[in-house]
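One structure below.
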Amino acid sequence: MSERTSEDLMLIERAQHGDKSALNELVRKYEVRAYQFAFRLTRNPEEASDVVAEAFVRVFNALPNFKGNSQFTTWLYRILTNCFLDLRKRESRRQTLPIDAGVQTDEGEMERQYEDPKGTPHDSLERNERGQRIEQALKKLPEYQQAMIMMYHAEQLSYEEISEALDLPIGTVKSRLNRARVSLRELLARDEELFRI
Amino acid sequence: MNVSKARDFFSDYFEGKLDAGLRQSFEQALKSNPQIQAEYEEFALMMNTLAELPNEEIDIPIYLSDRIATRLEAAQEKRTASVPAWFGWFRNLALAGVAGAVLFGAAAGLLSKGGSVATGDLFNFGAKPVKPRNELTFAYTNDKVVVTYNTSDNRALMVDKRRITPENGSVISPLSNSNAFAAEFVIQVEGSEVPERVYIPGSTTREASEGTGNLADFAKALADHYRVPVRVTAPSVELPINWNLSDADAYQCATAALKSQPVSVDLRDGNFICITGR
């Protein structure tokens, strides 16, 4: 067990026994990492902050039931992912007009577009063009696939850690990730001219 | 191997995880089928771009910890009846609306030091002899700002609206900030007119930039760019300041930015910027 993992487990155990400073420490330790993941999924500071705050509330509420069978970080990623998915569900319920009905994949509709609050012309110019195109294409993937891609490529979790976080067999994680990447490539290929810049 | 089947192996082939037999079949398909070849080339290009995702710099909003603290407090309130003692401590994550993880040891009973947690011994109540007046001092030693408060009439110390009653007339505590960005501590002897504000840099160094804001905003920017603590002694921080953090030296930068303001700037304990209202 790594030093970080055992330290986390000690903090959790202390928090479970009512040590108020232990959860405080866990929040301080992981809030930045949690925010980075949430921001990568939402691309919106407000939404990302809400996702992180909600995730820590769920951590707080679920701490008594945490058995320590998984790492705190993978548990946190799972909670963050669920908070993100819930946020999008709430948004889609509020949606009154369908937007951009698109390609059907075996994991759902791919074309769903969201407002990009960071998308000012100035910001756009500053960002790497290819990275920006990937960012746009990622938004069109089903949320679950977005989360998997971000966990693997941005957060650099291993297949095993993603498997633990999402409670899926490793084989399923690998095949779903491959499907997500293939879908992403298809989305990017539609804009081939820019992609080859 | 057709195109659809070949796509199933894109990731494994890219990561070199296909077994020998499948790899041979896949490579054969790559050579013989231009569509597979074109798609795989695009796939590999995309994978290389995805590999750059961790390098993206993401700014952490200044309100993040405050929001977490607020939500945790709300969650805690629901449990107040069963665990009343916990109420309020989450605010220690975000004192004065600054991104959280800001701890004043005496208030929180906790100090983060080098990633570990220490309790108790760091907070030394009653170690100093009582002096015949209320004296609040700040010293910068070993990269820490240490607050020392001695009181002859046991007057309380206010830290971000939290009331701390000294035991045996004394409080000594370091100020610690393990948050990403600078934290503000508002410290005042109860009943005194002018609060002391101390800004402790966060763990992240901000790039040099120009900025506009009030004195508190400037102090935070200064702390985070130059990695120095800043103390402001003034009735109000609502002074409009324009700054440019391109100067190599924090003191020079502060002097230049505040030259037309009713404050003086001095440097104490080596690298402790002190700004005092005139």
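Numbered from 1 within each chain, the chains take letters A, B, ... in sequence-line order. Just so you know, these numbers come straight off a predicted model, no measurement behind them.
At most 12 non-hydrogen atoms from other residues, nucleotides or ligands lie less than 6.0 angstrom from NZ of B:K5. Residue B:Q24 qualifies as open at atom CD: its count of foreign heavy atoms under 6.0 Å is 12 or below.
Only the side chain of A:Q156 has a heavy atom closer than 4.5 Å to any heavy atom of chain B. Heavy-atom distances place no part of A:E155 under 4.5 Å from chain B, backbone and side chain included. When heavy atoms are compared at a cutoff of 4.5 Å, B:E57 does not approach chain A at all.
Atom CZ in A:R40 sits 6.5 Å away from atom CG in B:L53 (nearest 0.5 Å). To the nearest 0.5 angstrom, B:L72 atom CG is 6.5 Å from A:L23 atom CG. Remark: B:M46 CE to A:R185 CZ distance equals 8.5 Å, nearest 0.5 Å. Separation of atoms CD1 (B:I60) and OG (A:S49) is listed at 8.5 Å; rounding is to 0.5 Å.
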- Stepwise side chain to side chain contact (heavy atoms under 4.5 Å, CB included) check, B:D8 with A:V182: CA-CA 8 Å; B:D8 290 343; A:V182 167; over 6 Å; no
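Residues A:E31 and B:I68 share a closest heavy-atom pair of OE1-CD1, 3.6 Å. Closest non-hydrogen pair, B:P61 versus A:Y35, comes out as CD-CZ, 3.2 Å.
Within the 4.5 Å cutoff, the side chain of B:F43 has no heavy atoms near those of the A:E186 side chain. Put simply, the side chain of B:R71 does not reach to within 4.5 Å of the side chain of A:F56, judged on heavy atoms. For the pair B:S11/A:K174, no side-chain contact is recorded, criterion being any heavy-atom separation below 4.5 Å from C-beta on. A heavy-atom distance below 4.5 Å is not found between the side chains of A:L188 and B:E42.
In terms of non-hydrogen atom pairs under 4.5 Å with chain B, the most contact-rich of A:D50, A:I149, A:L177, A:V52 is A:D50.
A salt bridge between A:E46 and B:R67 is present, with a side-chain N of the basic residue lying under 4.0 Å from a carboxylate O of the acidic one. A salt bridge links A:R43 to B:E56: one of the charged nitrogens lies within less than 4.0 Å of a carboxylate oxygen.
With hydrogens and angles disregarded, a donor-acceptor distance shorter than 3.5 Å links the side chain of A:N178 to the backbone of B:R7.
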